[in-house]
Amino acid sequence: MEELKELNSLKDIVNKRFDLFLDKVAFIEKEPNRKEFTNITYKEVRDKINGLGTYLLNDLNLKGEKIAVIGENSSRWYISYMAIVCGVGIVVPIDKGLPENEIVNLINRSGAKAIIYSSRKSGEITNVRKDLSNDIIYIDMNKKESNNEALSFDRIVEKGLDEINTGDESYINVPIDNEAFSILLFTSGTSDKSKGVMLSHKNLCSNVYSCSCVVPQFGDYTCMSVLPLHHTYEFTLDYLFMTAAGGTIGICQGLKYFSKDIKIIKPDFILAVPAFIERINKVIEKGIKDSGKENVIKTIKKFANGMSKFGIDFRRKVFNKIHENFGGNLKYLFCGAAPLDLELITKMEGYGFKFLQGYGLTETSPLVAGTSLKCDASGTVGKAVEGVDIRIDLSGNEDENSNIGQIIVKGDNVMLGYYDDENETKKSLKNGWFYTGDLGYFDLRGNLVITGREKNVIVTSNGKNIFPEELENLINKIPFVSESMIYGKKKSGKSKDVIVAARVTLDKEELEERYGENIPSDESIYKMIADDIKKVNRMMSSYKAIKELEIKKDDFIKTTTMKVKRKEELKNSDYSSMITTDMINKLNSNKKKEKRKIVNVKAEKKN
């Protein structure tokens, strides 16, 4: 879509692109207190953006100020974001899943003068007011009428539109500096360590065009919005790209409504993370198992996959019942945020779904590389997208025979810097290149392969590098393992060396399905998983061998994009809620002692 190359600012999306699709459905969503999904046209969205922007600018005097937006995915969230950046000030998207103390921290750090929030967050917002500045303006997205507590989103939009209708187009005509700091995004992490990423209109517009080069026809499609909207992955590649291209966005009410909502929205594609794809695959496999036709489907799948290599692809027709469970139109799954297991891709594509994989970061708006519909690049994240240059920096690599190095990126999508953090900015931005902190290499076809995060790499005493992500992909395939985290653990005693430890969580559904109410003991579960880990160890070099196992009984601490917060996980380790190697060793030792006592008693009686 070459026309998207001409986007100078996000305001161009509203003032120029929307004109092409005024009567087309922009959003399909279920608003609070309504039984049915409703359609919202591009004209309605444009009018609300301009009405809200006019009121924020003229009546609330928020020109140049920072305004926070917090709430579940909705058209009102998008309208708030766009109204702020298209002529008012700087938008500060806040993760709706954060605890109250972190919400306070980020709002105070940003210096926000107003907060636009959904009614579902009103309880938290009420609780944190005492810890925020007294002059903050509160706007409730779903409140029917304004009062002393908060302004009503709908009422101030109406007032703004009244001003426009009387001839006030001051907001509509506000010029935009596309290189100015306009978006402040806080990266995932604890409140005191999360970085504030400063982005501009130019950053985001360049990424919208890059995305259009990867999937030019997606403007005719409907996507389903599932991932959190405060993240650039969902907002740029879904909301911004689709509204610039004239597509339709169907908004899922939440993960627990996914199966129901997808049949109503009938999307053509979904943006997802690996954990979400794994969940979809489990639903499919459970359905097949319950049908009792596993062997038949396995045979059909093998034949259909073989024929597809000759250009005869009837997998969607053969597995139409599976597709009906996902609305009937789902063709593409775009996966990012973390590496996706190649075996899982093969499984899902065998049912007729097509995968696209991408790589990016908040600091790069986010897309850096992606696979395309034209060529198969399974196991990689594809090539650099249009307008982006990628290189591998080998300067920190001590192994001369290795082609793995830090991924560095240059392009119009690269951030302006970190908010109020000159030191971190200097570390990450050097001569126009952004140092991602991720490690990878190019394969023989020029596709980028991600091997892991530099900070996560385990370095042995003899200089060997171990990438946790490589081992985690193998551990996650073990029966009864839900997720895993590999980390380096210092040996006890004076030794400075580290051993490889695995911390896993259990797939409780699989355990219950297999054993019902007769779930095996902790010791038995530990032994089953430990035995499978030994099999994994035999597949790898000895220095990568996993020496310790920890089974965590509750879930990992995660970001809203389902990434494990490794530092937080290790920092907050509660071994009382785990089954560990030491625990099993002590248990076995006690059993041996008991056995010796029994033997001794018998020997004494015999004498």
Side-chain angles (χ1 to χ4, degrees), residues 24-32 34-40 71-75 77-78 96-97 120 215 217-229 231 233-235 237-239 241-243 245 247-291 297 315-337 340 344-345 347-358 373 509 560-562:
K24 192 174 180 182
V25 175
F27 293 98
I28 304 170
E29 70 178 335
K30 195 174 193 178
E31 295 196 23
R34 289 200 180 182
K35 292 182 179 181
E36 304 296 329
F37 277 80
T38 56
N39 295 339
I40 303 167
E72 61 279 0
N73 294 12
S74 67
S75 63
W77 200 106
Y78 172 86
K96 69 177 176 60
R120 289 184 190 174
V215 284
Q217 73 274 46
F218 275 29
D220 297 324
Y221 288 163
T222 295
C223 69
M224 184 167 174
S225 172
V226 181
L227 299 177
L229 194 46
H231 201 283
Y233 177 36
E234 177 72 8
F235 189 74
L237 305 191
D238 204 337
Y239 284 63
F241 167 61
M242 287 297 281
T243 52
T248 299
I249 301 164
I251 302 174
C252 180
Q253 299 174 81
L255 286 179
K256 68 178 180 178
Y257 299 102
F258 175 79
S259 298
K260 183 181 177 182
D261 288 359
I262 197 169
K263 291 172 186 173
I264 297 170
I265 294 169
K266 302 182 185 299
D268 296 281
F269 77 95
I270 297 175
L271 261 67
V273 293
F276 188 65
I277 301 296
E278 287 164 6
R279 184 178 296 187
I280 291 175
N281 182 61
K282 280 186 178 180
V283 170
I284 293 172
E285 292 192 337
K286 187 178 185 303
I288 291 170
K289 189 175 181 179
D290 291 345
S291 73
I297 289 174
R315 290 176 292 189
R316 289 185 64 83
K317 289 184 179 179
V318 172
F319 299 114
N320 68 309
K321 286 189 177 179
I322 289 174
H323 285 268
E324 283 173 10
N325 288 330
F326 298 98
N329 295 330
L330 187 60
K331 307 172 188 66
Y332 305 105
L333 293 162
F334 195 103
C335 192
L340 184 63
L344 183 58
I345 295 174
K347 277 184 183 180
M348 292 291 289
E349 291 197 334
Y351 298 118
F353 299 103
K354 178 67 179 174
F355 272 89
L356 290 164
Q357 288 199 83
L373 299 173
E509 288 182 12
T560 45
T561 50
M562 307 303 285

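- In this structure the side chain of Phe241 never reaches within 4.5 angstrom of the side chain of Leu271, judged on heavy atoms.
- In this pair, Phe235 and Tyr239 present their aromatic rings parallel. The plane angle is below 30°, not in the 30 to 60° band.
- With Thr38 contributing its side chain and Glu29 its backbone, the two residues share a donor-acceptor pair below 3.5 Å.
- Side-chain rings of Tyr351 and His323 stay apart, their centers remaining 6.0 Å or farther from each other.
- No donor-acceptor distance shorter than 3.5 angstrom exists from the side chain of Arg120 to the backbone of Gly71, with no hydrogens or angles considered.
- In this structure, the side-chain hydrogen bond (donor to acceptor under 3.5 Å, both in side chains) partners of Glu234, at least two apart in sequence or on a different chain, are Ser225.
- Each salt bridge (Lys or Arg N to Asp or Glu O under 4.0 Å) pair with one or both residues in residues 275-291, not counting sequence neighbours, appears once here: Lys282-Asp507, Glu285-Lys347, Lys286-Asp290, Lys289-Glu513.
- Residue Lys30 qualifies as enclosed at atom NZ: its count of foreign heavy atoms under 6.0 Å is above 12.
- Not counting sequence neighbours, Lys24 has no partner by the side-chain hydrogen bond (donor to acceptor under 3.5 Å, both in side chains) test.
- The side-chain hydrogen bond (donor to acceptor under 3.5 Å, both in side chains) search around Glu31 returns Arg76, not counting sequence neighbours.
- Atom CD1 of residue Ile249 and atom OG of residue Ser75 lie 10.0 Å apart, to the nearest 0.5 angstrom.
- Ring geometry for Phe334 versus Tyr233: interplanar angle of 30 to 60°, hence tilted.
- Judged as a salt bridge (Lys or Arg N to Asp or Glu O under 4.0 Å), not a single pair has a partner in residues 249-260 (not counting sequence neighbours).
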Under 3.5 Å, sequence neighbours excluded: what are the donor-acceptor pairs made by side chains of residues 261-268?
residue : atom : partner : partner atom : Å
Asp261  : OD1  : Gln253  : NE2          : 3.0
Asp261  : OD2  : Gln253  : N            : 2.9
Asp261  : OD2  : Gln253  : NE2          : 3.3
Lys266  : NZ   : Lys263  : O            : 3.2
Asp268  : OD1  : Lys331  : NZ           : 2.5
Asp268  : OD2  : Thr222  : N            : 2.8

